[in-house]
Each structure stands twice: as structure tokens, then as C-alpha cells.
Amino acid sequence: MLRIKTIFVLLVGAVLLFSACDRTKKTQTNTTETTVTLPAFQNDSAYAFVKAQTDFGPRALGSEAHENCRVWLLNKLREYCDTVYNQNFTAKTYDGKSWPCANLVGSFGPEKAKRIVLAAHWDSRPFADHDPNPDYRDTPIDGANDGASGVGVLLEVARQLHENQPNVGVDIVFFDAEDYGPKESERIPGDWWGLGAQYWAKNPHIQGYTADYGILLDMVGTPNARFLQEQFSMRDAGDLVRKVWSTAYELGHGQYFQNKPGGVITDDHYYVNKYAPFKMIDIIHYDAASGTGFDPVWHTTNDNIQNIDKNTLGVVGTTLLQVIKNE
Ligand SMILES: [Zn+2]
């Protein structure tokens with residue numbers, strides 16, 4: 001998916017700490033008072049949304065799985081959101097090819113002025129150029145973590161917001177064509193990553209669209225993930241990073257969201273910050289010990305559903321719902 005330009009150091013011992021957050025609501029009837037526990041973010045549901053995407057197969061541009069997944073995602077957004085947009089565009093990739101692509105947007109409270117964007121990419125990488133086995137380096141990947149994890153969390157967030165409408169407007173954006181950058185061996189200069197985000201930031205789904213801020217998810221299914229503070233996010237929206245990280249800390253997720261500098265990562269948020277009139281941060285697993293900075297299965301054929309941890313999905317999802325609730 002993306003490139004690390006610089007690597008900052010970190011390594012932390014692993015203590016898994018997970019806390020569930022239940023929301024309760026009191027309802028008054030004629031004579032009795034009952035306490036009803038409302039469902040909060042469901043880890044199993046998020047996991048099922050990740051698996052549903054990988055069950056289509058690799059969602060590489062131009063594939064049947066890509067088109068089938070687009071239709072499925074659009075229908076899920078229509079099920080939960082107030083307004084849904086399918087933004088078609090053509091992606092021109094570094095190898096001179098052109099592909100039919102689509103950014104998908106699901107909006108809650110489209111009339112509200114105050115808005116938050118939640119985003120992830122839904123395409124998967126067409127080649128496993130980091131696979132340990134050279135025979136697989138032209139094979140498309142499932143992208144369970146690199147793509148589907150963020151989308152799965154956001155679909156579950158959408159399902160929850162459908163049950164409990166937020167006070168602010170929320171736009172869930174699924175970017176296409178994030179992960180067709182040049183292979184590791186090719187080293188071709190240019191802005192070949194985040195093509196869907198580049199298109200949307202320059203041509204939003206509504207003319208003149210803006211938001212208060214955005215949060216991007218990428219690789220949010222790693223077991224015992226470490227979400228460090230990515231450097232473009234800190235440069236462009238440091239206060240927002242601190243707000244999200246302190247919200248996670250208050251929920252008991254401090255082992256995941258750590259107040260330490262992460263990598264410098266060219267992900268979709270980089271292009272949103274470059275071209276759109278608001279700022280977006282990136283929640284992304286960072287592992288200095290892995291060599292690439294990412295999960296060991298990154299851009300390999302092992303990036304599949306077996307390596308997704310539903311607890312990590314839950315940590316990110318509950319944090320997002322709390323951030324929205326605090327607005
Ligand atoms: Zn990737």
C-alpha cells in the first residue's frame with residue numbers, strides 16, 4: 001500500500017488489554033423503570049465484515065472480485081446510511097494501464113454542518129511483492145488487514161450509528177485504488193498510491209464539500225497492534241491525533257494507542273491533506289521490528305483472514321464511536 005520514508009524507533013513490550021464499553025439507557029414506563037443495555041461496537045460483526053470482503057477474493061483493480069465487492073459495499077452502506085454515493089473514476093496506474101474505479105460514500109445527517117469523515121481503502125494490492133516466496137510476488141493479495149480491516153470496522157461503526165444517530169454529520173468514505181503503487185523492485189517515482197483519495201480530494205462527492213476533520217484507518221486488524229502517532233498526521237493535525245489517542249487511553253486502550261512517534265507514511269490521508277480543505281489523520285499499525293515498519297504479512301499472500309484479530313478491530317471501533325459521541 002504505502003511507503004515509509006523514514007523510520008523512527010520504538011519497541012514496546014506487549015500487554016494485551018481490552019475493555020468493552022457498554023452504553024446504557026434508562027427508559028421509564030408507567031410504573032416500572034427498566035435499564036436497557038444498548039449494543040455497542042460488536043467485534044464479531046466487524047470481523048464478519050472483514051471476512052465477507054476477503055471471501056470475494058483479492059479485490060485488485062479490474063477483477064471480478066473487485067466489482068462484486070463494490071456492489072456488496074454499496075448495498076451495506078445503503079442499509080445503514082442516510083445517503084450513499086458511488087463516485088466512478090478512471091485510475092491511471094504507473095504501468096500505463098487504466099482501470100474503472102469507484103469511491104463509495106455513506107453519509108449520516110447529510111444536512112448537518114459539522115461533519116467528520118471516516119475513511120479506509122477497499123481495493124487490495126494486485127501483487128504480493130513482499131512475499132517471502134519469490135514465486136508469489138505477482139499474486140494478488142487478500143488484503144484482509146491492508147484494506148478490508150479498516151472497511152470492516154467502518155461498516156460496523158455505520159451499523160451502530162444507524163441504531164444511535166450521531167449529533168454530528170458523519171461521512172464514511174471507502175477509497176478505491178490505494179494500493180496499486182509500483183512494486184518494491186521497480187522504484188518508479190510519482191504519486192502512484194492513493195489514487196482514489198487523490199481523485200476524491202480534488203473532486204469531492206458534493207461540490208464544495210468540506211468536513212471538520214477526517215480519520216483514516218489502515219491495517220487495524222493486527223494482533224496486539226501498536227498505533228503510534230504517524231508523522232504526516234502529527235504535522236498536519238497534531239491536536240486531532242492527541243484527541244483521538246487520549247480518547248482511546250480513557251477507554252483503556254493505551255496499550256494499543258501509544259503516545260510515541262510512528263513512521264512517515266504516504267497513505268490516503270497524505271493526499272487528502274494535500275488537496276482537500278480539511279485535515280485527516282491515519283490510525284495505522286506500526287512495527288519497527290518488522291523491517292518494513294508494518295505487519296509481517298504486509299504485501300504478502302499471508303495477509304488473509306487468519307491473521308486478523310477481532311479484539312484489535314474492537315479497540316479501534318469503540319474509540320471511533322467514542323470520538324463521535326464526544327462531539
Ligand atoms: Zn498496501
Side-chain angles (χ1 to χ4, degrees), residues 1-2 4 7-22 40-47 49-50 116 118-120 144-157 160 214-234 237-265 267 269 280-290 292-298 303 305 307-326:
M1 46 150 312
L2 24 73
I4 286 202
I7 288 178
F8 291 85
V9 183
L10 65 125
L11 191 53
V12 190
V15 178
L16 181 68
L17 198 148
F18 178 74
S19 92
C21 167
D22 280 337
F41 189 94
Q42 299 294 305
N43 300 359
D44 287 337
S45 175
Y47 183 84
F49 287 141
V50 177
I116 301 172
L118 306 175
N145 203 18
D146 193 351
S149 66
V151 171
V153 167
L154 294 185
L155 282 177
E156 175 60 8
V157 165
Q160 294 299 329
I215 302 174
L216 177 69
L217 307 184
D218 205 348
M219 294 192 272
V220 292
T222 302
N224 301 320
R226 295 292 173 264
F227 302 118
L228 305 185
Q229 297 174 335
E230 188 275 328
Q231 295 295 303
F232 286 130
S233 306
M234 288 298 287
D239 286 347
L240 176 59
V241 172
R242 285 183 281 275
K243 178 164 90 168
V244 172
W245 261 245
S246 62
T247 301
Y249 180 82
E250 285 160 13
L251 291 171
H253 302 327
Q255 291 296 326
Y256 288 84
F257 285 79
Q258 300 188 357
N259 292 319
K260 295 176 179 171
V264 181
I265 300 173
D267 206 345
H269 71 308
M280 179 177 279
I281 64 168
D282 196 7
I283 298 176
I284 183 166
H285 169 70
Y286 184 84
D287 177 10
S290 74
T292 62
F294 300 125
D295 191 297
V297 303
W298 175 69
D303 184 1
I305 194 71
N307 291 308
I308 295 295
D309 186 337
K310 58 182 72 171
N311 288 332
T312 305
L313 303 176
V315 162
V316 175
T318 52
T319 300
L320 289 184
L321 284 176
Q322 190 64 44
V323 168
I324 293 165
K325 195 176 171 188
N326 290 347

Less than 4.5 Å apart, any side-chain heavy atom of [X] and any of [Y]?
X: E230; Y: H269; result: yes
X: V220; Y: I283; result: yes
X: V315; Y: F257; result: yes
X: T319; Y: Y256; result: no
X: N311; Y: N43; result: yes
X: D282; Y: M280; result: no
X: P261; Y: M234; result: no
X: K243; Y: N326; result: no

Could you measure the distance from the [atom1] atom of [X] to the [atom2] atom of [Y]? Nearest 0.5 Å is fine.
X: I324; Y: I215; atom1: CD1; atom2: CD1; answer: 7.5 Å
X: F294; Y: I265; atom1: CZ; atom2: CD1; answer: 4.5 Å
X: D146; Y: D295; atom1: CG; atom2: CG; answer: 9.5 Å
X: S233; Y: L228; atom1: OG; atom2: CG; answer: 11.5 Å
X: L217; Y: L320; atom1: CG; atom2: CG; answer: 5.5 Å
X: N145; Y: M219; atom1: CG; atom2: CE; answer: 6.5 Å

Exam field: side chain S45 to backbone Q42, donor-acceptor pair closer than 3.5 Å: no
Side chain D303, main chain A144, donor-acceptor under 3.5 Å: yes
For the student: nearest non-hydrogen atoms of [X] and [Y], plus distance:
X: Q231; Y: Q229; value: NE2-O, 3.2 Å
X: V153; Y: A46; value: CA-CB, 4.4 Å
X: A120; Y: V151; value: CB-N, 3.7 Å
X: W245; Y: F227; value: NE1-O, 3.0 Å

Listed partners of E156 passing salt bridge (Lys or Arg N to Asp or Glu O under 4.0 Å), at least two apart: R159
Under 3.5 Å side-chain donor-acceptor pair for H285 and T312: no
Qualifying residues under ring pair (Phe, Tyr, Trp, His ring centres under 6.0 Å), relative to F49, sequence neighbours excluded: none
Lys/Arg N to Asp/Glu carboxylate O, D287 vs R226, below 4.0 Å: no
